[in-house]
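Protein chains get the first letters and strands the later ones, always in sequence-line order, with residue 1 at the start of each.
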2 protein chains.
Amino acid sequence: MMGKLTAGMIAERALEIGDAEGLDAVTIRRLAADLGVTPMALYWHYKNKEQLLIGMADHLIGGFAPEPADERPWQEQLRDLTRGLVRTLRAHPCAKDVIEQIDAVEVPNFLAVWDLALGLARDAGFSVEESCLITKYLLQSAIAIADAPVHHQAGRSDEEVARIVRVKRLGLETLPVERYPHLVEMAGPLVGAMSPEVCDTFGVDLVLAGIEALAAGR
Amino acid sequence: MMGKLTAGMIAERALEIGDAEGLDAVTIRRLAADLGVTPMALYWHYKNKEQLLIGMADHLIGGFAPEPADERPWQEQLRDLTRGLVRTLRAHPCAKDVIEQIDAVEVPNFLAVWDLALGLARDAGFSVEESCLITKYLLQSAIAIADAPVHHQAGRSDEEVARIVRVKRLGLETLPVERYPHLVEMAGPLVGAMSPEVCDTFGVDLVLAGIEALAAGR
DNA sequence: ACCTGAACACCGTTCAAGT
DNA sequence: ACCTGAACACCGTTCAAGT
C-alpha cells in the first residue's frame with residue numbers, strides 16, 4: 001500500500017518488534033502481518049529466517065560505524081571501539097539475542113568492526129591466534145557489560161517489568177543465607193539495572209585493563 | 001521398558017543430543033522418541049521446555065563443583081574457578097547455547113558458582129555493583145574462551161565439519177583485501193579450532209589480568 | 001504417581017501461480 | 001521483479017483419560 005517493501009524496511013521493523021517485545025515475538029508471520037503483507041513476501045527479500053536475523057544484526061551494527069584505524073595508540077582506539085560496541089548493544093534490548101543466534105562472519109557490517117579490532121590487537125603485539133581470541137573475547141565482554149539484567153523477552157509494561165524484578169529479587173533473598181551469603185546480600189543490585197556510569201567506565205576499563213596487562217608482557 | 005524415567009535421565013539424554021547434533025535437535029518430541037516414551041511423558045518431569053533447558057544447564061554445571069572459598073588469595077581462587085568454568089563449557093559443545101537460552105538465576109548448581117565468584121570479587125575490594133558486573137563478565141568471558149569456532153549445530157561427520165570450515169575460510173579469504181586486510185590474512189586461525197593451550201592459559205590470563213589490574217586501583 | 005492419545009494453535013518453508 | 005494462496009511437516013502444549 002505504501003511504497004515497495006525492501007529488505008531494509010523488514011529488518012528495521014523486525015528490530016522494533018524484537019526490542020519492544022523480545023526476539024521470540026519476531027516471527028515471519030507476525031512480521032509480515034505488521035508490514036501488511038503475506039508471510040511469503042518476506043521470502044523474496046530474505047532466503048530464510050536465518051538470513052533475516054543476519055539482516056537484523058547488520059542493521060544493528062550498521063548504526064555503529066567505527067573510525068578507521070589511525071595513528072593514535074592502539075589502547076585508545078580499542079577503548080573507543082569497545083565503548084561504541086557497548087553503547088550500540090545497549091541501545092537495542094534484543095541485540096544480545098540476535099547476535100547469539102547467528103554467525104558473526106555472515107554480518108557484513110560486523111566484519112569491519114572485527115577487522116579493525118584484529119588490526120589493533122596485532123598492533124599491540126599479540127600473535128595471530130591470540131588476536132583471534134581477544135576479538136571474540138571483546139565482543140562477548142561487550143555483551144556482558146551492555147546486557148541489561150531485566151530480560152525484555154515479553155514486551156511488558158514498566159509495571160510488569162518491575163513485578164518480574166521484584167519476584168526475582170525475592171527468589172534470591174529467600175535462598176538459604178548460609179549457603180549463598182553473597183547472593184542473598186546482593187540480591188537487589190544483581191537483579192536491578194546497572195548504573196550507566198559503571199557500565200561505561202568500569203566495564204570498559206575491565207576489558208581494556210586485561211588486554212593492556214597482557215600486551216605489556218609481550 | 002528399562003526402569004522408570006527420571007528428570008536426570010531426560011536432562012542427560014538431552015545434553016547428549018545437544019552436544020552431538022546441536023541444540024536445535026533437542027526437541028520434546030525427538031527427545032521422547034529417543035527415550036522410548038510419549039512426548040507428554042516429559043511434561044510430568046519438566047513443566048515445560050524452558051524448565052528442561054534449565055535442567056540441562058543444571059546437569060552441565062553440576063559436573064563442575066568448585067571448592068568452597070578458602071584462605072588462599074582471591075586471585076588464585078578466582079583463577080581456579082575460571083579455569084574450571086572454561087573446561088566445563090568446552091566439554092559440552094552445546095553448553096553455550098543452553099546457557100544463552102535461560103536465566104542463570106534459575107539454575108541451582110550455577111548459584112553456588114555465582115555466590116563463590118561474588119564473594120571473591122568482594123574480597124578483592126570491589127563494590128557491590130562492580131562485583132555484580134564482574135561475575136557476569138566472568139561467565140561471558142569463559143564462554144568466549146571456551147567456545148569452539150566450529151558450530152556443531154547440525155551433528156555432521158568430521159568430513160562435513162571440515163567442509164564447512166573450508167567454506168567459511170574461503171568466504172573470509174575472498175573478501176576485498178584492501179577493506180579487510182586482517183580478516184583475509186587470519187582467515188585460517190579465525191575459523192579453525194583454537195589450540196587448547198592458548199585457551200587455558202592465555203584466555204584465563206586475559207580475564208584475570210583485567211580483574212587484578214582494576215583491583216589494584218581499589 | 002506416572003504415562004498415553006487426541007487435539008489445538010502455532011511455527012518455518014515449498015511450490016505453483018498470479019501480475 | 002515482486003507478491004499471493006494453499007499446503008506440508010514440524011513445533012510446544014493442554015486436557016481428559018488411562019493404570
Side-chain angles (χ1 to χ4, degrees), chain A residues 1-18 20-58 94 97-98 100-103 106 151 153-156, chain B residues 1-18 20-58 94 97-98 100-103 106 151 153-156:
Chain A
M1 347 198 94
M2 39 161 52
K4 279 234 190 108
L5 197 63
T6 68
M9 286 171 52
I10 296 172
E12 213 158 323
R13 188 83 195 89
L15 274 177
E16 286 172 24
I17 296 175
E21 305 178 33
L23 193 55
D24 288 346
V26 178
T27 251
I28 298 282
R29 296 168 120 101
R30 155 72 193 276
L31 184 55
D34 264 37
L35 293 164
V37 97
T38 250
M40 306 314 127
L42 305 190
Y43 282 85
W44 177 257
H45 302 275
Y46 292 102
K47 171 165 158 283
N48 51 35
K49 189 168 182 181
E50 190 191 344
Q51 291 300 313
L52 169 64
L53 284 165
I54 289 171
M56 290 173 71
D58 201 44
C94 74
D97 295 314
V98 172
E100 279 168 352
Q101 297 220 12
I102 56 172
D103 191 343
E106 310 283 340
H151 262 160
Q153 53 197 0
R156 299 300 175 206
Chain B
M1 350 197 92
M2 37 160 51
K4 281 234 189 101
L5 197 63
T6 67
M9 287 172 51
I10 297 173
E12 214 158 320
R13 188 84 197 89
L15 274 177
E16 285 171 26
I17 296 176
E21 306 178 35
L23 193 55
D24 288 346
V26 179
T27 251
I28 297 281
R29 296 168 119 101
R30 155 73 193 276
L31 184 55
D34 265 36
L35 292 164
V37 97
T38 250
M40 306 318 126
L42 306 190
Y43 282 87
W44 177 259
H45 302 277
Y46 293 102
K47 169 164 159 283
N48 51 37
K49 189 167 184 185
E50 190 190 344
Q51 291 300 313
L52 168 64
L53 285 165
I54 290 171
M56 291 173 70
D58 200 44
C94 73
D97 294 315
V98 172
E100 279 169 351
Q101 297 221 12
I102 57 173
D103 190 343
E106 309 284 338
H151 262 159
Q153 54 197 2
R156 298 301 174 206

Rounded to whole Å, please give me the gap between CG in L52(B) and C1' in dC11(D). 14 Å

For R29(B) and dA7(C), give me the distance from atom CZ to atom C1', rounded to whole Å. 11 Å

Worked check of side chain to side chain contact (heavy atoms under 4.5 Å, CB included) between L31(B) and L52(B): CA-CA 11 Å; L31(B) 184 55; L52(B) 168 64; 3.7 Å; yes

If you assign each of P39(B) and P39(A) to its closest nucleotide in DNA chain D, which residue comes earlier from the 5' end? P39(A)

How many Å lie between NZ on K49(B) and P on dC11(C), as a whole number? 15 Å

Starting at the 5' end of DNA chain D and moving along, which residue's nearest nucleotide shows up first, N48(B) or T38(A)? T38(A)

dC10(C) phosphate, OP1 or OP2: any side-chain N/O from T27(A) under 4.0 angstrom? no

Can you name the nearest heavy-atom pair linking T27(A) to K49(A), along with the distance? CA-NZ, 4.3 Å

Out of curiosity, R30(B) CZ to E21(B) CD, how far, rounded to the nearest 0.5 Å? 4.0 Å

Nearest whole angstrom, please: distance from the C1' of dC11(D) to the CG of L31(B). 14 Å

Value in whole Å for how far the P atom of dT19(D) lies from NZ of K4(B): 17 Å

Closest to side chain of M40(B), choosing from dT4(C), dG12(D), dA6(D): dT4(C)

Straight-line distance of L35(A) CG to L5(A) CG, nearest 0.5 Å: 5.5 Å

Could you tell me how far apart L35(A) (CG) and dC3(D) (C1') are, to the nearest whole angstrom? 13 Å

Minimum-distance nucleotide to V37(B) side chain [options: dT4(D), dG12(C), dT4(C)]: dT4(C)

The reported gap from CG in D24(B) to CD1 in I17(B) (rounded to nearest 0.5 angstrom) is 12.5 Å

Any non-hydrogen side-chain atom of E16(A) less than 4.5 Å from a side-chain atom of D34(A)? no

Quickly work out the D24(B) CG to dG12(D) P distance and round it to whole Å. 11 Å

Could you grab the distance from atom CD of Q51(A) to atom CD of E106(A), nearest 0.5 Å is fine? 6.5 Å

Measure the distance from CD1 on I10(B) to C1' on dC3(C) and round it to the nearest whole Å. 11 Å

Closest to the side chain of H45(B), out of dC11(C), dC3(C), dT4(D), is dC3(C)

Watson-Crick or G-U pairs under 3.5 Å in DNA chain C, rendered as dot-bracket with [ ] for crossing pairs and | for another strand: ||.|||||...|||||.||

Earlier contact from the 5' end, DNA chain C, for W44(B) and Y43(A): W44(B)

